[in-house]
Amino acid sequence: QRGIANGALIFTSMALVTFALRYPVGRFVEKYGPRLMTIPVVVAQVIGCLLAARAYTPWQVLLAGAFLGTAWSAVVPVGVGLFFEQSSRGTRGIAMGVYNLSFAIGTSAGALLAALLARFGLSYGIAISACALAPLMATPWVFLRLLPRSVRKTHAELEARRVVSNADS
């Protein structure tokens with residue numbers, strides 16, 4: 001649609017950057033936890049999608065792929081880490097299944113949404129840009145809903161004390 005002759009550039013760039021960064025990013029997540037990487041992953045994903053949606057030259061396509069590769073190098077360590085925070089040792093298999101199902105639903109829904117938006121007259125660039133915002137919408141949920149159990153327990157204990165305190169007064 002935009003005259004870019006070689007669409008494989010974005011995938012090659014993405015694959016090379018993902019390959020180069022997957023191990024160091026995984027170690028970083030292991031050392032500091034998945035939440036610290038959530039925001040940079042979302043930002044890299046959104047920038048990569050927005051660049052891909054507006055790329056007109058091979059260099060822009062390569063740059064978009066580099067941002068997407070940066071995000072993809074961390075998606076698995078961050079996602080699995082967040083789900084494992086919510087599981088016990090005995091439910092890790094379930095957590096992994098939920099992670100994979102969530103991942104498949106998200107990628108499928110994004111592709112279908114982009115195709116539907118494009119079908120109803122929006123350019124692919126606008127459609128992809130709209131889908132790029134999905135990670136931004138999910139980020140507050142990651143921080144508010146997927147809090148570690150220890151934090152939720154502490155919050156629940158504080159709330160229980162507040163209720164008791166209010167009942168006494």
Side-chain angles (χ1 to χ4, degrees), residues 1-22 24-26 28-29 33-87 91 93-148 152:
Q1 187 180 21
R2 290 173 294 184
I4 299 172
N6 188 353
L9 285 175
I10 195 166
F11 298 107
T12 302
S13 174
M14 183 177 152
L16 290 173
V17 171
T18 300
F19 178 78
L21 294 180
R22 177 68 51 96
V25 167
F28 188 89
V29 169
R35 291 177 196 286
L36 189 59
M37 287 296 295
T38 300
I39 298 296
V41 168
V42 168
V43 169
Q45 180 73 27
V46 169
I47 290 172
C49 285
L50 293 175
L51 286 172
R54 287 161 177 67
Y56 288 96
T57 69
W59 289 108
Q60 291 171 332
V61 173
L62 287 170
L63 185 62
F67 273 99
L68 291 171
T70 300
W72 278 87
S73 69
V75 163
V76 173
V78 168
V80 170
L82 289 170
F83 276 89
F84 276 15
E85 280 182 348
Q86 302 300 308
S87 65
T91 60
I94 293 169
M96 194 66 188
V98 170
Y99 167 77
N100 284 319
L101 180 61
S102 301
F103 194 87
I105 289 170
T107 54
S108 299
L112 289 172
L113 179 60
L116 282 172
L117 291 173
R119 174 80 174 128
F120 289 110
L122 295 176
S123 72
Y124 280 103
I126 292 172
I128 293 169
S129 297
C131 292
L133 301 178
L136 292 175
M137 293 184 288
T139 302
W141 182 79
V142 167
F143 285 101
L144 298 175
R145 173 64 186 106
L146 288 180
L147 289 174
R152 285 194 314 225

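Counting begins at 1 with the first residue of the sequence. Because the structure is predicted, anything quoted here is derived from the model rather than measured.
- For Thr12 (side chain) and Ala8 (main-chain N/O), a donor-acceptor pair under 3.5 Å exists by modelled atom type.
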Tabulate below the donor-acceptor pairs under 3.5 Å that side-chain atoms of residues 58-81 make, not counting sequence neighbours, or state none.
residue : atom : partner : partner atom : Å
Gln60   : OE1  : Tyr56   : N            : 2.5
Gln60   : OE1  : Thr57   : N            : 3.0
Thr70   : OG1  : Ala66   : O            : 2.8
Ser73   : OG   : Thr70   : O            : 2.7

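- Contact check for Thr38 versus Leu82: side-chain heavy atoms found under the 4.5 Å cut-off.
- Summarising the geometry, atom CG belonging to Leu16 is positioned 11.0 Å from atom CG belonging to Leu21; distances are rounded to the nearest 0.5 Å.
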